Amino acid sequence: MRTRFAPSPTGPLHLGHAYSAILADDMARKNGGEFLLRIEDIDQSRCRQHWEKQLYDDLKWLGLHWPNPVMRQSSRLPAYATAIEQLNELGILYTCTCHRRDIKNAMSAPQEGVSQTGPDGLIYPGTCRHSKHPQKNNAAIRLDVTKAFDHLKINVLDFTETGPDHMGTHHMSAIEFATTIGDFILARRDMGTSYHLSVVVDDADQEISDVIRGEDLFEATFIHVLLQKLLNLPTPRYHHHRLIRDDSGKRLAKRDDARAISKYRADGKTPDDIKAMIGITAL
Ligand code: GLU
């Protein structure tokens, strides 16, 4: 068994991160496996070195250990480019020059009870799907979901959950994928990759057997499973855990400095206090 914690250094780690990291470490240790840390820093406009340094300090303070050197996504661009090339050869990609405003304008009027967004943001109406743009460096690359399912000759995706809250096998049909997620972005403008592509390539290269992360990424998992199938990569087991919320029930975000681990540390709390706060007792 190999698990990982994969934070982005875009702000201080909070209680939700502590929960994810401790669960992943705990699961690996209980099964004689290994826990890895990976730095998800592809969005260089938002990542900062001091946040990266602080997250190492916070995680060490919590008592976690991981093998060095850690994988940093900013040094993995060639691996992502290779994966994009592999997908491009399948004839399922297209370049997209739409800005958010264009997408909004092209979307049909909202219907009651039908969401206009999915785990990759606005459900793309397909404006650029059939236009033959010349390859442009600053254009985004999207994946044509219908062509992808046709290529795989499958109608449904599935993955296995081991976490108590979502235990079992989860399915999504091609039609459901097209209508609730749509042609997602594989590579962002000026970035050469996306969260979805990077996470799939890296989990496979690091031979992660069990992905433990917050349930805000549950729906995105179908994007990851589709990419794994297209790239001939194994699908790990998934464990999406409950989100840690503040007293008013709102999920924590990086901007919630009040719940930052570093803040609790500075206030004299102990790692056991943190564990008690997030409902982890016997470790
Ligand atoms: N880097 C992502 C985050 O900080 C987590 C990705 C994952 O665990 O798959 O939210």
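Since this is a predicted model, take the numbers as computed values, not measurements. Order of appearance sets the numbers: ligands from 1, and atoms from 1 within every ligand.
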Is the closest side-chain donor-acceptor distance between [X] and [Y] under 3.5 Å?
X: Asp202; Y: Tyr80; value: yes
X: Arg38; Y: Gln206; value: yes
X: Ser74; Y: Asp41; value: yes

Determine whether any heavy atom of His224 lies closer than 4.0 Å to an atom of ligand 1. no
Please determine whether any non-hydrogen atom of Phe5 lies less than 4.0 Å from an atom of ligand 1. no
At under 4.0 Å between heavy atoms, which part of Arg4 makes contact with ligand 1: side chain, backbone, both or neither?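 It is the side chain that touches ligand 1; the backbone stays farther off.
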List every atom of ligand 1 that sits less than 4.0 Å from any heavy atom of [X], numbering the atoms from 1 in the order shown and giving each element.
X: Tyr195; value: 6 (C), 7 (C), 9 (O)
X: Glu40; value: 1 (N), 2 (C), 5 (C), 6 (C)
X: Ser8; value: 1 (N), 4 (O)
X: Val199; value: 9 (O)

Less than 3.5 Å between some nitrogen or oxygen of Leu217 and one of ligand 1, yes or no?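 Leu217 vs ligand 1: no N/O contact under 3.5 Å.
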Would you call Tyr238 and Phe218 a side-chain contact if the rule is heavy atoms closer than 4.5 Å?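 Side chain of Tyr238 against side chain of Phe218, heavy atoms only: no contact under 4.5 Å found.
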Check whether Ser173 reaches the backbone of Asn155 with its side chain - one donor and one acceptor, N or O, closer than 3.5 Å.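 The answer is no, because no donor-acceptor pair under 3.5 Å joins these two groups.
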Report yes or no: does Glu161 contribute a side-chain atom to a donor-acceptor pair with the main-chain N or O of His240 at less than 3.5 Å? yes
